Amino acid sequence: MRGPRILVFSTINISDPGIDLAGASHMEYPASVEVIPLPCSSGIRPSWIIHALKRGFDGVFIAADGGDCAYHPDCTTLTGKVVERAQEMMREEGIDPGRLKMAAICSVCAEAFVSHMKKFSRYLEKAGGRE
Amino acid sequence: MTSRVDPKVKEEVQRFGARDLSLCFNCGTCTATCPLSAEGPSFPRKIIHLLQVGLREELLSSPEPWLCYYCGECSTSCPREANPGETMMSARRWLIASYDCTGISRKIYTSRVWEWGLIAAASLLVVLLFAIFHGPIVTDRVALNTFAPVEWISLADHVAALFALSILGTNALRMARSILGKNGVSPLAFVRALPVFFVNLFTQKRWKECGESQREWILHLLLVASYVGMMVIIIFFLSWFQTDEIHPFFHPQRLVGYAIAAIMMVVPILFMRGRVRRDKEIHRFSHPTDWTFLILLFLIALTGILVHVFRISGMPEATYAAYVIHLAVDAPWVLVIVPFGKWTHIVYRPFALYLLAVKEYSLREAVEGQPETA
Amino acid sequence: MKRNGSPAYDVAIVGAGIAGMESALTLGDMGFRVLLVEKEPSVGGKMILLSKVFPTLDCASCISTPKMAAVAHHPMVDLLTWSEVEDVRKEDGGFVLRVRKKSRFVDEKSCTGCGDCEKACPVPIPDRFNFDLAAHRAVHIPFPQAVPKKAVLIREGTSPCIFECPAGVKAHGYIALIRAGKYEEAFRLHMEDAPLPGVLSRACYAPCEGECSRKELEGPLRIRMLKRFMVDRYYESHPEPEEEGPEKRREERVAVVGSGPAGLTAAYYLAREGFQVTIFEAREKAGGMLRYGIPPYRLPREVLERDLKNITSLGVSIRTGERVESLTQLKESFDAVFLAAGAWEPVRPGIEGEGMDGVVDAMTFLPRVFEGKFPRLNGGKVVVIGGGNVAIDSARTALRYGAGKVEILYRRGREEMPAHDWEVDAALVEGVSLVEWRAPARFIGKGNRVVGVEAVKMEPGPPDESGRRRPVPVPGSEEVIPADLVILAIGLKPSTSPFAGEIEVNPDGTVRVDPTTMETSMPGVFAGGDAVTGPSMIIQAVAQGRKAAFFIAQRLIEGKVDPAKWREFLPPPERGKIPGLGENGRGRPDRVPPVAVREIPTEKRVLSMDEVEEPLTEDEAVGEASRCLDCAVCSLCGECSRVCPSGAIDYSMRDSAETYHVKSLVLSTGFRLFDPSLKEQYGFGKYPNVITSMQMDRLLAPTRPSPGVVRPSDGKAPENIAFILCAGSRDRTVSNPFCSRVCCMYSVKQAQLLLGALPLAEVTVYYMDIRAFGKGYEEFFQQAKGMGISFVRGRVAKVEEGPDGNLIVVYEDTEGTGRVVRAEHDLVVLSVGILPDLSIAGVPGVREIERDELLFVREKSEVVNPGATNLEGVFVAGTASGPRDIPDTVLHAGAVSAQVGAYLLRRKEVRS
Amino acid sequence: MEGKVGVFICHCGGNISDYVDVEKVKEAISGLPGVVVSTTTMFACSDAAQQEIIDSIEDEGLDGIVVASCSPKLHLHTFRGVAARAGLNPYRYVHVNIREQCSWAHRKDRDAATEKAVALIRAGVARALRSESLERFRVETRPSVLVVGAGISGLRSALALSEMGLSVTIVEREEEPGGFFRKVRNAYPGGLDGREVVDSLLSEVAARENITLFTGAQVVEKKGTVGDFQVKIRVSDGSTVTLLVGAVLLATGFEPYEPAPGEFGFGHPRVVRLPEFLELLDGGRGMSLLKDGDTVAFIYCVGSRGTKGCEEARPGDYCSRYCCGAAVHTACRLAEVFPGVSQYHLFRDMRTYGKLEALYEEASREGAVFLRFPGDSPPAVVPDGERLLVRSKDTLLGGEEVEIAADLVVLVTGMVPRENSGLVEVFKVPVGRDGFFNEVHPKLRPVETVIDGVFIVGAGQGPKTAQEAVASALAGSAKCASLLLKGYVELEPFVAEVDRDLCEWCGECEKVCPYGAIRQVHCEGKEVAEIVPALCKGGGSCVPACPKGAIDLAGFRDSQIRAMIDALAGGGA
């Protein structure tokens, strides 16, 4: 594997098209980034994040809908709570909470996604591999 | 200071020709377009708004209407087609009327009956005077100075000129009081600013900066020069001008007469043609008094020429009749148009500039003098 | 469902912007069958092109794309993109729509939206989805979120250069490729239509150049010289052809009679198809007229040899020195024959002394000179009779072969000479003299040796049936012109006499063929080239050879010929659609004169047979190719087709029309933006840093055409930006007294986004009234003020350009000092207003719809019946009926759906 | 795990295979447990390839398929259709994006891209093996609508709904139907008589058999969900009636702003609000208040844009949208009735948007004078004998203060939401900060609320002109019709489910669901949560909200996601 492994939770309607657009525009980002699309970022179980980190992912990135979410007017707050709880659990497990990042990625935010991935990768590289 | 609005101002000025005054939505395009508004006092938008709102005192104390030479660029650029140029023109008429203590100006501008009534009265007066006081009618030759002795005519001219001047002077003083306000003005400033008045009186040079009106300005300057010249001749040198002796063609008397007559015929025709065609912004709107002004000028020249033609053709009766008619046309000019009518702007424009200069000098003096008082 | 054979719908919706999509989805959900017609290649209208939308600043793309996808997949909605309604006819209480489906030239089913075509295409065009801020290619996917995500190829027809070429050589195509530096691809493209690029690059009379649109500007492109550049380069790097023989070899044998351009071309394409081809050439060497008629100073022989290799390397055998006497005999051993024997037989003047020594015809003189077999002329005086290209070639050749003086005698005036102007010029420059209005009466000899020509003066006589005035001799004007050698070049004709009994031959000796298939009266025997046309251009012969090869192959493979299968070109584009021509003054290209072609000096020229023209350098060639106006947009270079992984490019697609029966019609044709160049005071189109708000929105969108918000003149990030509101609205001077309703808010939005994108920038909004009237708008406006955006009340009167491309905005500060202010900004955004899109307003059936003074569709009763027009069953949704922001447009479209639904159900009630 | 999954890997004509070694991917995948078919194809979307997939499903008896190709945005529907055609439940097909999210994003590293493609497909296989057959929900709907409010919005909605074949019950709180618009005798634009318009609507309503109008009635209770509501209303005689409706339209309208006592002189007999002034002007009661030569001053933005007319004023921060247009329209009317009356309009921004600009121009032409006052320094109205002195800064004169001696002051009052606490209680519709009903999304769903089947139209949602209110009323009707006309609605099956064994009702899930799709029920001796599938939008916020982990989202179950993570991480499927 090249570079730190990042699991991205994207959202089917909003952030996944943004990530698609990065590829369609031939913007390069590390191949060690892998994506699982879900309906809405507020539906992520913190335990999935812990699970991923335990199974070998170096970091988890939540590509949230932000204000554009069609499911929840307060999507950002709800997703924020998920992140909070996950980070709490990470601390309990002795995992650096910095290994979980969240940002709003809209359907045309290809550039933003790529730069987040690169930045997160660099952070995780510095933080060192897990296990 | 709170100013009370006066709804009547708007109605009044609309009667003076500002038909589209209320269409203005105060966007300021006119002011920003105006070539004379870039520096110094700005207009026309502010004046229009004062008129809309009806702040009489502010208006009377505003010199801005006199700074506008009506190139019409504001009207072509106005997004609401509110014709700010014409509103400024109307504002000047309204101001002329407001400064006029006799109230005659107002009547002239707002009533055609009054306007033509006064003109007719002045004419009638001349005819009446001739009917009573004319000299012997010599029929074997043309003896105009016998029919109308030059010293009598000259005396009448002086009286009329004095009348016009005193009216104008009084009104100018009222204007000065309004514009200068109650703030103290240094007496020295009145003297220092005098050149501004005269230069502008004779050249109206600011007009040159106004849009692309160079041609208008030249024509206007010619016209003004010609009739002012004529008036000067008639008032001060009538005995030289009105002679029974027929000079040779190249005699200065005849040449001057021809030049003045030609200009006074041709330029009004050009202006009237413009007003009929409405080809320029400045000609798009015509107040009745604008026509009167041009028609009278034209008639003065025409009747003057007639007198001359009849005289050199040796037609005594025709010459005398034409002379009476000529003076009957002249009289309304001197008695009505010059003191009360459109002609007054010739004086008010440079006077407004003068007053502005006076204010500026006073201000400068006040600033310069401060260290001493402080 | 079908009705009278054509598809039937409950409602047709024209325009798939946000209003059209909303109506389509709502009506589809209600259970009505919806036909949605969109003139652009993608749905989404203008909204999808916006960055974010006020007042919630949500991403326009994020809220549009789900709707776009839903419209495409809704079971009750059929979507036609890139389609235009051409006719609406009332019928039986409903309407019959004729819709023209414009050809995409891309098969929608197989296109995967990968965009490879776009990367290969050499033709850049302004990207109208980026409002001309950037370029995309003739073939492109409209924008990243397009639905359907399929490429579209823009073709306005066939470029005149291609259309004019008899052989259909894709000049525009190879020019575009040369411009893109793809020289080898350019060469290969040429080989698709003509296998003798070397010959053509030297000796073609280039009818393409005569039609080049640029001739209306500074002069046509030097197309032939560009071809020569690409051929020279290719031949230099490929001394031997790289083309390998066909994959599949066929058994059928084809005989080609004659190795001139027609025969060689036919042989090449037949061989590429796998046929066994044998060329019979009566002369010593292959090449026909190319070798024996065209002087080497025009066509160097090594170029000809290299061109011949293109044909022989495919396995074509050329049997030289073999004259074919009987086609019937030939047919016994070959499956098909192509007769391309040329036109070699000289026309004789038929006057006294023409049989003397020293009187030769050009077709004897030229070949022998080229082979060095003619005696050197050693300063002798040569008289050439004739006015065609052969006469000129003869004269110039004679000059190079040692003639002391060369005179051309022509019986008419120079303007009427059939030779090309530039050829005559070249001859005159080299020292040939031309004697006009002079014809030979007889040749005078000393013994059997000619010493002079008795020439008679001619003058224009009465017109003949063609209207041309025949020259008639002036009696008594005879004079003797001394001559050591007389070359007759008055014409050539085919020598088809051996075959006259076998195939039909015209009285002038040309072979009679079916003009489309080139087949002669004998099945299986085809003919072409000069044998059919009489003496003509090389490219004409190539064209016929190409065509004959196609039909011979068809005859042999399918057993019959079908003229309909021959390729057909679209007509050339309308003049007005060509950039820089016609009414449209904008988009005029920079003025660049044609490249100057260097020639070797005259005095050196006449001393040898060396090529006269010198080649273009690479810079010159690319520069010259860049002058191309891309008349038809698509250059037919074929690159997209070559790279498309799914073979989706199809140049043969044509527009098609289909009729639909619909019960009701909704117009949601949207708006167009005010063209700010009409408001001259603002300098749009004159000052590069004055842009429209739509361009600003594109710059702010994440899918923007540049890496950030930059100003056009120098690509710098602007620091002090001005928005001018009411540009084209609330303004009687541009005949739009109305307010456009959206400009205030989108400007406030853009100002807010700009502060995000350029945190240090200052933003000033010049306004009269901020119309923040919708839900949340006022709060949004106040928020902008709070962010430090300056709002200045004063309508900008004019914009002037200052130093460094900065702009001076002149306005009256109506709320402050009341003074005129001249404020400097480095970027000015014109917040342009909204006017109705009138692209289908003139269509019959749509024309009858009432409109208001600005030509928005009038709603019958705005208060109680939104969306209903004066025509029963016709509704209007969204901005087609007046300026609206997005929320109001969506509401209006929803209201119209209810109106349509009620109308349809009422109608059903009445019917049942 | 048993299951037979077929994996189809697309070359996309090189768009994938140029950067990903698809053969290697196929090798890697074919060995996975459960994978019985693993094949590559040039174009998975081509007709031939689709047929191949169908054949595979049928021949091999596949119970799940994975297509690894381009973005699901392009072909999800295609392959769902393929599955359906082969008789496989469409939800047992899993789409893996190895073009946009793999080959195109990692063009420089073929090995890494290949490795990633393997991982992604492995996860897809894991998900497919755990996929279930899902059915779209079908919710039966009643073809009837309750419209609350009999103003112009409510009446117009009712007619449209009735025309579309839905039966309608209108409930009006007042005794008299017609709402605000009925009082407007001269409405802009076009000068319609509100009474005539409303009366004609009312007579049409009366003529329609499928519309019932209750006046003096109130909604007291709502039960049921979208498509099938039971709404109890109390009618004028005090009895209650229960209505069975499929949807509810709230068309409750607005109130004109009531200024605080003394706000801009309010309370003085010569200070009136715009609606009253219009009534005076048009209502035939005569205008004894005015005579020729009088002066009227209009003060704009009263109650709107935070314009505080006095300390006690409670203006909204929003713009009331209709008032500028109404005021300039009134100016035209006033000039028509009293040509001799002078009018001064004190405004802030003239918001005569769109074609209303023509009205503004006409008002100017008719002689109305417009002065602009600063928002933070509104005019003062001081009684002065019979008259009123209005003092205001005029920003168009550089902020100079002017004084208008007015005979009448008209307060151009904005719109405020009606007192609707009862309705809000019953329908649980959210109310925004401005007090108006809140839509789900101003652009995507402008008439919908988070309560499925309850729509908000007219000025109850926010200030609107009559015209705009009607447009929104019809838009709401269209939404009702698209919900009810077919007799059923079909919903995506991705809804949440509660494991009743794990659930120990705590209410956390209910709190996060904005759609009210979760309710508390009693089941087998304990309180548990229950999901109403018809209301569940499948967003899944309840999933992490449950402290017991008792909620799962169909299609995105805990087991599936965990398996996918495992598969991505390198484990088996």
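This structure is a prediction, so every number in the text was calculated from the model and none was measured. So you know, we letter chains A, B, ... as the sequences are listed, proteins then strands, and number each from 1.
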Engineer: Can you measure from NE2 (A:His51) to CE (D:Met564) and round to the nearest 0.5 angstrom?
Structural biologist: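 One gets 12.0 Å once the value is rounded to the nearest 0.5 Å.
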Engineer: Over 60° means perpendicular and under 30° means parallel, so tell me whether A:His72 and D:Tyr515 are parallel, tilted or perpendicular.
Structural biologist: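 Answer is tilted, since the angle falls between 30° and 60°.
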Engineer: Between chain D and each of A:Ile12, A:Asp74, A:Thr11, count heavy-atom pairs under 4.5 Å; write down the option with the most.
Structural biologist: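 Most pairs with chain D among the choices: A:Ile12.
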Engineer: Run the numbers on D:Arg562 and A:Ser47 for side chain to side chain contact (heavy atoms under 4.5 Å, CB included), then give the verdict.
Structural biologist: CA-CA 9 Å; D:Arg562 281 171 182 273; A:Ser47 63; 3.1 Å; yes
Engineer: Is any residue of residues 437-450 of chain D within less than 4.5 Å of chain A by heavy atoms, and which ones?
Structural biologist: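 Result: D:Arg445.
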Engineer: Compare all side-chain heavy atoms of A:Ile19 with those of D:Glu100 and state whether any distance is below 4.5 angstrom.
Structural biologist: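 Heavy-atom side-chain distance check fails, nothing below 4.5 Å.
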Engineer: For A:Arg5 versus D:Leu568, what's the shortest heavy-atom pair and its separation?
Structural biologist: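 Taking A:Arg5 first and D:Leu568 second, the nearest heavy atoms are NH2-O, 2.7 Å.
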Engineer: Only pairs of heavy atoms separated by less than 4.5 Å count here; which of D:Ser541, D:Gly540, D:Gly549 has the most with chain A?
Structural biologist: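 Of the options given, most contacts go to D:Ser541.
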Engineer: If you apply the rule salt bridge (Lys or Arg N to Asp or Glu O under 4.0 Å), what do you find for D:Asp552 with A:Arg45, and how did you get there?
Structural biologist: CA-CA 10 Å; D:Asp552 244 355; A:Arg45 283 194 193 204; 3.3 Å; yes
Engineer: Side-chain donor-acceptor pairs under 3.5 Å in residues 101-115 of chain A, sequence neighbours left out?
Structural biologist:
unit_1   : atom_1 : unit_2   : atom_2 : d
A:Ser107 : OG     : C:Ser61  : OG     : 2.8
A:Ser107 : OG     : C:Cys62  : N      : 3.3
A:Ser115 : OG     : A:Ala112 : O      : 3.2

Engineer: If you count heavy-atom pairs under 4.5 Å between each of A:Gly23, A:Cys75, A:Ala22, A:Cys69 and chain D, which one has the most?
Structural biologist: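 The candidate making the most pairs under 4.5 Å is A:Gly23.
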Engineer: Which pair of heavy atoms, one from D:Pro544 and one from A:Pro46, lies closest together, and at what distance?
Structural biologist: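 Here D:Pro544 and A:Pro46 meet closest at CB-CD, 3.9 Å.
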Engineer: Quick one, A:Ile44 with D:Ile561, criterion side chain to side chain contact (heavy atoms under 4.5 Å, CB included). Give me CA distance, side-chain angles, the key distance, then yes/no.
Structural biologist: CA-CA 10 Å; A:Ile44 299 168; D:Ile561 303 294; over 6 Å; no
Engineer: With respect to chain D, which residue among A:Pro73, A:Gly43, A:Ala70 yields the maximal number of heavy-atom pairs within a distance under 4.5 Å?
Structural biologist: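 Ranked by heavy-atom pairs under 4.5 Å with chain D, first place is A:Gly43.
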Engineer: For chain D, which residues of residues 81-92 of chain A have at least one non-hydrogen atom nearer than 4.5 Å to it?
Structural biologist: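 A:Val82, A:Arg85 fall under the 4.5 Å cut-off.
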Engineer: Using non-hydrogen atoms only, which part of D:Asp558 is less than 4.5 Å away from chain A: side chain, backbone, both, or neither?
Structural biologist: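 D:Asp558 touches chain A through backbone and side-chain heavy atoms alike.
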Engineer: When you measure from the side chain of A:His26 to the backbone of D:Ala105, do you find a donor-acceptor pair of N or O atoms at a distance under 3.5 Å?
Structural biologist: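 Side chain of A:His26 to backbone of D:Ala105, a donor-acceptor pair under 3.5 Å: no, none is there.
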Engineer: Output every pair passing salt bridge (charged side-chain N to carboxylate O under 4.0 Å, His left out) with a member in residues 15-27 of chain A, not counting sequence neighbours, ordered by first then second residue.
Structural biologist: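 Of all non-adjacent pairs touching residues 15-27 of chain A, those that pass salt bridge (charged side-chain N to carboxylate O under 4.0 Å, His left out) are A:Asp16-D:Lys73.
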Engineer: Over all heavy atoms of both residues, which pair between A:Phe9 and D:Ile565 is shortest? Give the atoms and the distance, please.
Structural biologist: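 For A:Phe9 and D:Ile565, the tightest heavy-atom pair comes out as CZ-CD1, 4.3 Å.
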Engineer: Determine the option with the most heavy-atom pairs under 4.5 angstrom with chain A, choosing from D:Arg107, D:Arg99, D:Lys108.
Structural biologist: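 Highest number of pairs under 4.5 Å: D:Arg107.
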Engineer: If you round to the nearest 0.5 Å, how far is OH of A:Tyr71 from SG of D:Cys513?
Structural biologist: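 That separation rounds to 13.0 Å.
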Engineer: Which atom names give the shortest non-hydrogen contact between A:Ala24 and D:Trp104, and what distance separates them?
Structural biologist: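 Heavy atoms only, the tightest pair is CA-CE3, 3.5 Å.
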Engineer: Kindly give the heavy-atom pair with the smallest separation between D:Ala113 and A:Ala31, and that separation in Å.
Structural biologist: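 Between these two residues, the closest heavy atoms are N-CB, 4.5 Å.
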Engineer: For A:Val33 and D:Lys116, work out which heavy atoms get closest and say how close.
Structural biologist: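 Heavy atoms only, the tightest pair is O-NZ, 2.6 Å.
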Engineer: In terms of heavy-atom proximity below 4.5 Å to chain A, should D:Phe494 be classed as side chain, backbone, both, or neither?
Structural biologist: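 Interface part for D:Phe494: neither.
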